Amino acid sequence: MRAAPTILHLDMDAFYASVEQASKPSLRGKAVIVGGLGPRGVVATASYEARRFGVHSAMPMGQARRLCPNGAFLIPRFTLYRQVSDIVMAMLRELSPLVEPLSLDEAFVDLEAGGVAFDSDSARATGERLRADIRAATGLSGSVGLAGSKMLAKVASEEAKPAGLLLIEPGTERELLAPMSVRTLPGVGPATGEHLRRAGITTVGELAEAGEDELVRMVGRAHGAGLYRMALGLDDRPVVAERDAKSVSVEDTFDVDLHDRVRIRGEVQRLADRCVQRLRGSGHSGRTIVLKVRRYDFSTLTRSETLRGPTDDPAVVREAAARLLEAVDTTGGVRLLGVGVTGLADYTQEDLFAQSSAAEAEAEAKAEHEESGAGGESGAGGAGGAVGGAEAEEAGGGTGPSEGAERPGEAQEAPERRWTAGSDVRHVLYGPGWVQGSGVGRVTVRFERPGSEPGRVRTFRVDDPELEPSDPLPLVGDLS
């Protein structure tokens, strides 16, 4: 515990939904729900307007639609979210060399280490300046908590939401925490909270009054001692600048259970490629390949294989994932697939035997491809509603492989283009916009950009050649 509130916790307000509202002027002040749009999708983030209807993160999307039928339901656009996050994190690193990111929209900052705050007044001034700078750079609001420890700074930012700042003066911790729910404390989830409730403990004050011995008896030595310290407001954890990633993974939940073994293998290969993209993007390689399969009855199987050395080769990861799949019974149907890599390192030492085998298979496939004169690569379609660990597929992406090869002299019908609600598009005449919805061969687009007035809505054929998928525009700055 510090004698001055120089640990800052920043939490951007309803981050994904706020980014969508900032980039889509017609959605300002409206209920916005971001997540997987398929029947098995879940809510990633809901705007504060949607939360008034009871919508919250991790809720099934079907339930969210029932609670808020007039809300705007959009796919996540992680590319844009990362761009905005990079701007915010760069601003935090200007304050201090000790910045501990927890997610795209949340981080701890040691203000004392950066020499920008040593007492309550300077800490408050720094926090207010940070909030103003974030608003100017991104158009978004963030909530700031300031305290003498990480735990209390996080509690303070939560109490300050939305768009506020709360500073907890050293010495006032117990008084502030006492009336709060035990669920406020880190590590107290639904199960522990219910266990404590049955013992008559519902507030942090009652937790402190119970005493360490009683809490150890109730929940065990390690957890009980930690709970007692937190109830007293004690937390000595330092802000750590680098948090090493333990694993990289992607997963998809499917609208309809997959039964076709060939299709399942294809999805695993696609997930393996996406996983390697993330792995390389983080500058890591890994030794252990993990396959996750959730079957029709919600039973979840995890299989893993450890290589002789770390790799970031997509062929090696695909081959290992395929071997793991062979050991899993999928005859009843599969509702979710995932591929991950653990045992991360910052160098590679390829599994030469696996790599050689995969390279030979790729060479053979390439030779057959060139011999047949086939066209470009087809993306895999049909994966829907994947959020929380799996980056959403970009709108307008590929469709599944066609049935049967094209016969010489026979024109092959082009697959119907898919437009997902919330995705970015650009029209030759009307410029940038976003998809409001699509169906029965039509796509509805609202043409507007960040900072503009709410735009007009127009409808086109899904195969209109003048309408194309587009990259998201920045929230501020060059919007051309």
Side-chain angles (χ1 to χ4, degrees), residues 12-81 84 104-105 138-141 162-163 255 384-388 391-396 418-427 430-440 442-460 462 467 469-475:
M12 300 297 289
D13 298 321
F15 184 54
Y16 296 172
S18 294
V19 170
E20 297 299 337
Q21 289 176 321
S23 64
K24 300 174 171 68
S26 59
L27 297 183
R28 293 172 190 154
K30 305 290 181 60
V32 174
I33 299 97
V34 179
L37 302 186
R40 292 174 177 171
V42 296
V43 175
T45 306
S47 69
Y48 286 98
E49 294 84 358
R51 295 180 190 187
R52 298 191 188 108
F53 292 89
V55 180
H56 57 78
S57 61
M59 171 182 286
M61 190 60 78
Q63 183 180 356
R65 289 184 186 274
R66 290 190 294 272
L67 291 173
C68 188
N70 296 321
F73 292 83
L74 309 173
I75 61 165
R77 295 187 295 162
F78 289 104
T79 299
L80 180 57
Y81 305 153
V84 178
L104 289 177
D105 62 332
T138 68
L140 305 178
S141 68
D255 293 347
V387 295
E391 183 173 333
E393 298 295 324
E394 294 297 331
R418 298 177 61 196
W419 304 98
T420 312
S423 56
D424 297 280
V425 296
R426 181 177 289 272
H427 192 273
Y430 305 114
W434 58 279
V435 175
Q436 284 204 164
S438 63
V440 295
R442 299 284 176 177
V443 55
T444 301
V445 178
R446 185 181 288 274
F447 290 98
E448 58 187 3
R449 62 182 69 199
S452 73
E453 294 298 317
R456 294 188 61 182
V457 175
R458 297 182 184 274
T459 300
F460 307 90
V462 293
L467 186 68
S470 174
D471 293 329
L473 295 173
L475 298 188

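Model, not experiment: these values are computed from the prediction. The first residue in the sequence is number 1, and the count goes up from there.
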Q. Hey, mind stepping through Val425 and Val435 against side chain to side chain contact (heavy atoms under 4.5 Å, CB included) and telling me if it holds?
A. CA-CA 7 Å; Val425 296; Val435 175; 3.7 Å; yes
How far does [atom1] of [X] sit from [atom2] of [Y], to the nearest 0.5 angstrom?
X	Y	atom1	atom2	result
Arg446	Lys24	CZ	NZ	11.5 Å
Trp419	Leu467	CH2	CG	4.0 Å
Ile33	Thr45	CD1	OG1	11.0 Å
Cys68	Phe73	SG	CZ	5.5 Å
Leu473	Ser23	CG	OG	8.5 Å
Glu49	Asn70	CD	CG	14.0 Å

Q) Would Val84 and Met12 satisfy side chain to side chain contact (heavy atoms under 4.5 Å, CB included), going step by step from the backbone distance to the final call? A) CA-CA 11 Å; Val84 178; Met12 300 297 289; 5.6 Å; no
Q: Determine, for Phe460 and Arg442, whether the Lys NZ or Arg CZ falls below 6.0 Å from the six-membered ring centre while staying within 45 degrees of the axis.
A: no
Q | Test: Arg458 cationic atom under 6.0 Å from Tyr430 six-membered ring centre, within 45° of axis | A | yes
Is any side-chain heavy atom of [X] less than 4.5 Å from a side-chain heavy atom of [Y]?
X	Y	result
Val462	Arg418	no
Val457	Gln436	yes
Glu20	Val34	yes
Asp471	Thr79	no
Val445	Trp434	no
Pro432	Phe447	no

Q) Is Asp424 paired with Arg77 through a side-chain N to carboxylate O contact shorter than 4.0 Å? A) yes
Q) Between Glu448 and Arg456, is there a salt bridge with N-O shorter than 4.0 Å? A) no
Q) Side chains of Arg28 and Gln21: do they bring a donor and an acceptor to under 3.5 Å? A) no
Q | Short side-chain donor-acceptor distance under 3.5 Å, Asp13 and Ser18 | A | no
Q.
For the backbone of Val32 and the side chain of Ser47, can you confirm whether one donor and one acceptor N or O come within less than 3.5 Å of each other?
A. yes
